[in-house]
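Below: one structure, written as structure tokens.
Sequence positions, counted from 1, serve as the residue numbers for this chain.
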Amino acid sequence: VEKIVSNRVFDGFFVFAIASNTMLFGVEAQYMASARVSDVPVGFAIVSEIYTFVFLVELLLRLYVAGFCEYFCGADAAWSIFDTFLVGLSMGEWFVTLIGTHLLGLQMDSSQNLTYIRFIRIARMARTLRIIRLFSFFRSLRLLVLSVLHALKSLFWTVMVLFMILYLAGVLFTQAAVQHLFGVEEVELFGWAPLLEKYYGSLTRSVYTLFKALTNGVSWEEVVEPL
């Protein structure tokens, strides 16, 4: 068993399994959107259960070879715990679906089974996280992700500076708009009052307007004209 688990073919097979399983999620989502259905078709459900069984076998084999302590406390403990969480969640989804649908007769579109529906949906969304496991197989991919994460610190402070600029500008525009709205006769506004109220009627609206203008969510000309 140890020779099988340590073989590169073993890792390659599960790389393919993870990638194909992720592609299956996309095909399933597209089919359900096209067919306008909320319940997962039987064919997709069966294939998904097969994938769950395959990943469960992988987990058990790796756990058997490494041992409990090494598997959960060794150098790759984080990946092991993450993998165990995903497999456990998939098994929980399968168990809850089996009990709820086949034994209790619950339906996904029933408003009386909100807890059941919520768990199933969370489990299905969490399954897509399995693609993160590919990072454990490819060192270059891990280095790339770590580089991006380290760059996020600088990005965070850049965003903070940008927010401060938007905030200060928003305060100025809000003060000017409010003074103009309540300090000028209605006839002198020439119909700009609704637009001033829409874009600069409050601090949050002003900051949001500036953010949209900055990110091309709205034309500069459209938000400048009321001013």
Side-chain angles (χ1 to χ4, degrees), residues 1-35 37 39-103 108 116 118-153 155:
V1 176
E2 184 176 355
K3 291 182 179 180
I4 295 176
V5 174
S6 60
N7 196 305
R8 294 182 63 87
V9 176
F10 185 83
D11 289 337
F13 172 79
F14 284 101
V15 166
F16 172 78
I18 293 171
S20 59
N21 189 32
T22 304
M23 293 178 63
L24 177 67
F25 295 149
V27 174
E28 176 186 314
Q30 178 61 33
Y31 176 83
M32 293 176 64
S34 301
V37 294
D39 292 334
V40 178
V42 177
F44 286 105
I46 293 175
V47 175
S48 179
E49 291 175 3
I50 293 174
Y51 274 107
T52 299
F53 175 75
V54 169
F55 292 127
L56 176 62
V57 171
E58 179 205 9
L59 174 64
L60 294 177
L61 288 176
R62 293 187 186 277
L63 181 59
Y64 174 79
V65 171
F68 185 86
C69 293
E70 178 64 23
Y71 188 77
F72 289 106
C73 303
D76 296 327
W79 291 112
S80 301
I81 295 173
F82 178 70
D83 191 27
T84 304
F85 168 74
L86 291 179
V87 173
L89 197 61
S90 298
M91 293 300 298
E93 178 197 352
W94 174 81
F95 182 77
V96 170
T97 302
L98 177 66
I99 297 298
T101 304
H102 300 291
L103 298 183
M108 281 293 292
Y116 164 74
R118 189 177 297 114
F119 176 81
I120 294 297
R121 288 178 177 173
I122 292 175
R124 287 176 181 171
M125 288 188 294
R127 288 183 308 175
T128 58
L129 297 176
R130 183 168 281 118
I131 195 173
I132 298 176
R133 279 198 57 214
L134 291 178
F135 298 155
S136 64
F137 294 103
F138 301 104
R139 182 173 180 274
S140 299
L141 191 58
R142 291 202 304 271
L143 291 176
L144 178 62
V145 173
L146 289 175
S147 299
V148 172
L149 291 177
H150 283 298
L152 288 179
K153 182 178 181 180
L155 178 62

Given 3.5 Å as the limit, does a donor-acceptor pair link the side chain of S80 with the main chain of Y71, or not? yes
Show, in sequence, the C-alpha distance, side-chain angles and deciding distance for V5 and Y64, and conclude whether the side-chain contact (heavy atoms from CB on, under 4.5 Å) test is met. CA-CA 10 Å; V5 174; Y64 174 79; over 6 Å; no
Closest non-hydrogen atom pair, L63 against F72: CD1-CE1, 3.8 Å
Contact between L24 and V47 at the side-chain level, heavy atoms closer than 4.5 Å - yes or no? yes
Stepwise, does the side-chain contact (heavy atoms from CB on, under 4.5 Å) test hold for V57 with L60? CA-CA 5 Å; V57 171; L60 294 177; 5.8 Å; no
CZ of F25 to OH of Y51, rounded to nearest 0.5 Å, is 9.0 Å
Atom SG in C73, atom CD1 in I81: separation rounded to 0.5 Å? 7.5 Å
Examine distances only and state if a side-chain atom of S6 and a backbone atom of E2 form a donor-acceptor pair shorter than 3.5 Å. yes
Can you tell me how far apart CZ (F14) and CG (D83) are? Round to the nearest 0.5 Å. 9.5 Å
I need the L59 CG to T84 OG1 distance, nearest 0.5 Å. 4.5 Å
Distance (rounded to the nearest 0.5 Å) between F55 CZ and N21 CG: 4.5 Å
If the condition is side-chain hydrogen bond (donor to acceptor under 3.5 Å, both in side chains), which residues does S34 pass it with, not counting sequence neighbours? Q30
Salt bridge (charged side-chain N to carboxylate O under 4.0 Å, His left out): which pairs involve residues 42-60, sequence neighbours left out? E58-R62, E58-R133
